[in-house]
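To start, the structure itself, in structure tokens.
Each chain gets a letter, A, B and so on, in the order its sequence line appears, and its residues count up from 1.
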There are 2 protein chains.
Amino acid sequence: MTADTEAGAVGQTNTAGTPTGTRTGIERLLAPSSIAMVGASNQEMRIGGQVYGNLALNFKGALYPVHPRDQAVQGDRAYRSVADLPGPVDLAVIAVPAGHVAGVIEQCGERGVGGAVVLTAGFAEAGPDGAALQRELADAAARTGVRVVGPNCIGYLSSAGGVAASFAMPPGTPLPPAGPVALVSQSGGFGSYIAEKAQLAGLRLGWFVSTGNEVDVNIAQVLRFLVERDETRVLLAFSETLRDPDVFVETARRAAELDKPLVLLKAGRSEEAARAALSHTASVVGSAEVFDAVCRQHGVVVADTMEEMLDLGMIFQDGRRPRGDRIGIMTTSGGAGVLLADGAGMAGLSVPEFPPGERDAIAAKMPQPFYGSASNPVDTTAQITAAPDLFQTVLGEVVGGSVVDMAATVTWARPGAANDAIIETYRSTDKPFAVLCTTWLEDFQKAGVPTFTDPRRVVHALAALARHTLRRPPATPEFVPDEDRARRVRSMLVEARNLGEDVLLESTAKRVMAEYGIPVTREIYVRGVRDSGPDEVAAAAAKLGGPVALKVMSYQLPHKSDVGGLRLGLSGADAVKDAYRDMLAEVARRAPDAMISGVLVQEMAPARLEIGCGMRHDPVFGPMVALGPGGIMIEMLAETALLRPPFDAAAAKEAIGGLLGGRLVGGSRGLSPGELDLLAATMTGLGALALEVPEIAEVDVNPVRVADGGAVAADALIVLADDAEES
Amino acid sequence: MTADTEAGAVGQTNTAGTPTGTRTGIERLLAPSSIAMVGASNQEMRIGGQVYGNLALNFKGALYPVHPRDQAVQGDRAYRSVADLPGPVDLAVIAVPAGHVAGVIEQCGERGVGGAVVLTAGFAEAGPDGAALQRELADAAARTGVRVVGPNCIGYLSSAGGVAASFAMPPGTPLPPAGPVALVSQSGGFGSYIAEKAQLAGLRLGWFVSTGNEVDVNIAQVLRFLVERDETRVLLAFSETLRDPDVFVETARRAAELDKPLVLLKAGRSEEAARAALSHTASVVGSAEVFDAVCRQHGVVVADTMEEMLDLGMIFQDGRRPRGDRIGIMTTSGGAGVLLADGAGMAGLSVPEFPPGERDAIAAKMPQPFYGSASNPVDTTAQITAAPDLFQTVLGEVVGGSVVDMAATVTWARPGAANDAIIETYRSTDKPFAVLCTTWLEDFQKAGVPTFTDPRRVVHALAALARHTLRRPPATPEFVPDEDRARRVRSMLVEARNLGEDVLLESTAKRVMAEYGIPVTREIYVRGVRDSGPDEVAAAAAKLGGPVALKVMSYQLPHKSDVGGLRLGLSGADAVKDAYRDMLAEVARRAPDAMISGVLVQEMAPARLEIGCGMRHDPVFGPMVALGPGGIMIEMLAETALLRPPFDAAAAKEAIGGLLGGRLVGGSRGLSPGELDLLAATMTGLGALALEVPEIAEVDVNPVRVADGGAVAADALIVLADDAEES
């Protein structure tokens, strides 16, 4: 590759056949027709030398080394500066000292460069001076429109485009053939560790992109680009922070549409790690729980470990999809079969027994008398070694079984007939099929057969594949704000605002809820405290009918029960009046400074179950709506259905249905369909409220009392955002 | 090894220095001074030839081939039959057709053989005919006292004893040097797969025993033998069924005393697997939940996956123990550090920041300006490559840190200075220390450095090590039955027995509870239904004071509330009398055939929390006592503290303290210390009851109502065992 081919670069079509002029900066950056390397070096042991060597070895387009003094770099004619380049290039790879990088970006902007990969370190990760340099770089990128990957990254590799803009590869290494798996990582060092491990495990990597400090282009944007690439079928990402939640969610949606699984390994989940990540990437770490919930909502698979991410890459990369969740298992050792069946059952797969006819067919093929099991899992025992073709015959019966959607087997044989039979069987079917093995992996890897080293991991991967295939993420509804409703609600906030309060009265909060279709207790608010108060509350109680509760309303007493401001289960006018007087007297004694706004007379709502529902703002993903077991259980269980609005009732029901291992819904005492509908309405109502009235910072509805097919909010707390935070 | 050395076998001391005569059959079987092989063959490709070859290559004691016709086997003088052996031998290895095995055992008994390993298959795993042969074999073993491992097993390997009584090893393979790890597996085939994988991973296996069909010697008994062996420091077991729970528990206790970790991988946890295990081993599979609980109670580590079992073997095998749970982490890439810190935090380790002095010392040693983090996790960044000794210097500071009890690092370097530095550092400390790496494992394995391939797995193993070291399993108390108490309780069962009922009245069940120190509601039982009933219940209510509940007592109405036999929250004589009449009328209408034994007048107990507690008999482990969130939550959460009696209050409190992620106890609304004491007393009371009165099959105390420092059983159900089941 020499600079002599440069003529093709400008104004021509790029590798994807799109004219350069219509491509975005990120497209030109990651799929370039022409590349310049600023900081290219003749010293191969230096990064500028190693990366230029890698580029030259692999890139088929125009390549220009930029060097301030040398006439040529590694045999190619060198240019003094970016300004001297013979034409605009798509990608500039930059490896000059940190202090010079912003200046180079300015030059790139002037020369019409699409994007740059900045390999140089010494920016935000390197203390205050570096942070200042990074701000300069960010400004230069914003001003010029040159898209920037990095700084402090290890670059990227694209087999399809022949781009080895990275020092992750030792000098002189050709890119692997284009494979269906793309890996993106903020971390360069550990990213290349993962990439190496992926290739060792048999993953066919076609892309590896590291994004480093993400001064401009972030992981979400890279994924957004990669998901549209034809050669990419699986996206793997190791992310420490997520800077672009909307692009991330949009990418997740596209990935689901295109059936390209997106698997994420997220670091910074624990407090310990958040501290480490903060010092390492100088960026905000959002809540791991919210992150997981958003991923689940949008069909993104969250891997708990690096190896799990690679296992999922392995099972997804051949593109096979099961038609159901039924696995057929064949082993030559009962113990392995039991472990595989175990893991399958726990991972949510079913291990159906074979129909008698198929069972008999398998048994009949084995040497007689047959000591093993011809049902599922099929255990051939060592009898299988009796005839050379027997293994393949029986395995074919298992894989072809009428109740089998996918299959797994185990081998500890050396390369030879048994393993060849497995490869043949894999090729003969389009059902997902995976092998458990330890040592002799190479033949399987070459043939593309998914291989795993642990029984649990085989079936876990297959189960993830089945879930991904059979469970489509809920559609994200188009959300049209109801401005009238929002206006009505805003008028309810005026009183608190005028008083300088940031928490609404319960009586107001419940009116807000009701505007959003959230079922609340029937109640009458008796404003003020007057001599006629006892009669007014008694009249209100009579109007509501049945036993009632009295609640003191005061901006100073959000925790009214702590000062005696709550009376429950009152029946009859006398009891109500007495309780009213008692309550006000006690509150006056215990909280003499509180201004009493009035008294809420509320129906008593029965409860078989107490549910809590709320809305909070996550620093990364914005408003999130949660629902879970409420009352005292809310802190003890710490388990919630969590959704990012907008979402519809179906999504809410699915999320609630997943609580407590699926046991909150149904059964003799769990939620009935009608109760589930009302709770889903509570969630969607809070979601709409959060989107329409963003100045509401926080909502707590606890408890929602559930009984006899009904569900009503018996208490509600609404917190307003500080004025400063209002949009 | 030839039969010429046989003279040393009889009446001499064995390898452990104990005279043969005082050793148990299992000791002679597994640590033999002399071995005969029945079915030894000159054909090396047959099992009898392969195993004899393996024995001859490795065994230093007397070895006798038995062959009905050949004069010599593989160069050693052969004997016609067991009867012809020149003296009693410790171990007979048997590989003759299934139909002859029982006869050979009979001969072994006559000739004074200690034990036999039966490699032959075709027994219970092979249908009815095989099952009959297995019964014959069991009879022969029982009659002769010859202990039998197998049949249908792959034999065993002992490096310390030089015994290769197995066809798991290819012909001509010497045993590995004696290592600290012992592996026991029912499954022969998959057991040898695990053994191979263990050795590949760098585990130093000294024992591998497969127990096959377990006609006599089972996994628990083998572990009981191995735990006392000096060369064994870690016990790994893959178990499909557990046949000897008492020996298992005793072994677990010894393992804890000797600080020899016992790690179990249990198959047959899901329904799918239970079916497979049933067909494969023809044995009962107990509840996985009970199994886990018994293991936890006795300090046995349950591995979820095969790889986890091997990871734990890896971290335990060097015998190092941490003094605390604080991990020091050093990486050259921030991303890896975040993942490690993440996993550490989630696994329960702490990742403390270093004291300022130590932090400064690390930073001062790095090239200036230092871009990384000198706190914990230490991130040196690639700057570490500036000087060759720097890696070891900094790693030494981390490992030696004053707040560090154990350490982990990561490398993706090829063999060379960095990896040598890791090995040197490992050798220079006695703190547990582990390395995350992918490809270049061999040097680490040779040096005995624990290595792992996934960040989560490193810290998960270290966390298991810390838990094992810092948390001693609760002592099992000496249990002395109180026969007087048992007699008093038995007298309370007479009425139900006489009536042919197997469920006690609630009023009786609560008296039983009270005998065992279990707090119950204050209550008065008004026997019979008379005209004076209203006055009697009103008097009882007055005596109790406060609001009361009325409950109809009838053997025919265990679910009294379904027919209106329950009235709650009654205050005042009139209300109590009215409710009594109403209730009896409604029950008479809805359950006209029920015989009413009387009415229970019970105080109303307040409840902030409802707890359920119970006792059941597990088919494997016998009585088990459970406690968990009660009321409606009991089915939804399905989470219980589960203990096998006898246990003391401390064990109960520890188990309850683990519920709901540790959140059931403490906090503003969780259990207070006094409430916890009462619940622990409820558990220990049920444990004592189960042991003293085994004819009680089942107890359900739900709810125990908890509030204001108190906890009382508000309902109790006791089910008697069928007469046939009584002991």
Side-chain angles (χ1 to χ4, degrees), chain A residues 121-122 125-127 186-187 189-191 193 196-197 200 238 240 267-273 276-277 279-280 304-307 332-339 341-342 344-346 351 369 371 373 375 377 379 412 438-439 454-456 608-609 632 635-638 660 663-664 667 669-670, chain B residues 121-122 125-127 186-187 189-191 193 196-197 200 238 240 267-273 276-277 279-280 304-307 332-339 341-342 344-346 351 369 371 373 375 377 379 412 438-439 453-456 608-609 632 635-637 660 663-664 667 669-670:
Chain A
E125 81 283 5
Q186 262 176 286
S187 169
F190 198 63
Y193 176 97
E196 186 185 353
K197 207 171 147 58
L200 276 172
F238 170 47
E240 292 170 67
R269 305 183 70 86
S270 66
E271 253 176 64
E272 281 75 7
S279 103
H280 162 53
D304 283 331
T305 67
M306 176 183 69
E307 289 185 340
T332 58
S333 152
V338 174
L339 272 190
D342 233 354
M346 284 191 284
V351 189
Y371 292 162
S373 159
S375 185
D379 172 15
W412 47 91
T438 292
T439 327
D454 182 276
R456 186 67 65 87
R608 183 181 79 255
L609 264 174
I632 181 169
E635 342 170 337
M636 291 192 189
L637 291 182
L660 304 185
R663 291 181 297 268
L664 186 64
R669 310 193 67 193
Chain B
E125 82 283 5
Q186 262 175 287
S187 170
F190 198 63
Y193 177 96
E196 187 186 352
K197 207 170 147 58
L200 276 172
F238 170 47
E240 292 171 66
R269 305 183 69 87
S270 66
E271 251 176 66
E272 281 76 7
S279 103
H280 162 53
D304 282 332
T305 67
M306 176 183 69
E307 289 185 340
T332 57
S333 152
V338 175
L339 272 191
D342 234 355
M346 285 192 285
V351 190
Y371 292 162
S373 160
S375 185
D379 173 15
W412 46 91
T438 293
T439 328
T453 54
D454 182 277
R456 187 66 67 87
R608 184 181 78 256
L609 265 174
I632 181 170
E635 339 170 339
M636 291 192 189
L637 292 182
L660 303 186
R663 291 182 298 269
L664 186 64
R669 310 192 68 191

Fill in the blank from the handout: Tightest non-hydrogen contact, residues A336(A) and F190(B), listed as CB-CD1, 3.3 Å
Completion exercise
Comparing R456(A), R669(A), E307(A) against chain B, the one with the most heavy-atom pairs below 4.5 Å turns out to be E307(A)
Problem - Backbone N/O of S373(A) and side chain of D379(A): donor-acceptor pair under 3.5 Å - result: no
Problem - Which atoms of L664(B) approach chain A - backbone, side chain, both or neither, heavy atom under 4.5 Å - result: both
Completion exercise
Here the pair of heavy atoms bringing R608(A) nearest to G670(A) is NH2-O, 2.9 Å
Handout entry: Least distance between heavy atoms, V351(B) atom then A341(B) atom
Key = CG2-O, 4.2 Å
Exercise for the section: Identify which of L609(A), D454(A), L200(A) forms the greatest number of heavy-atom pairs closer than 4.5 Å to chain B. Expected result: D454(A)
Practice task
Could you look at T453(B) and say if it's the side chain, the backbone, both or neither that has a heavy atom under 4.5 Å from chain A?
Solution key: both
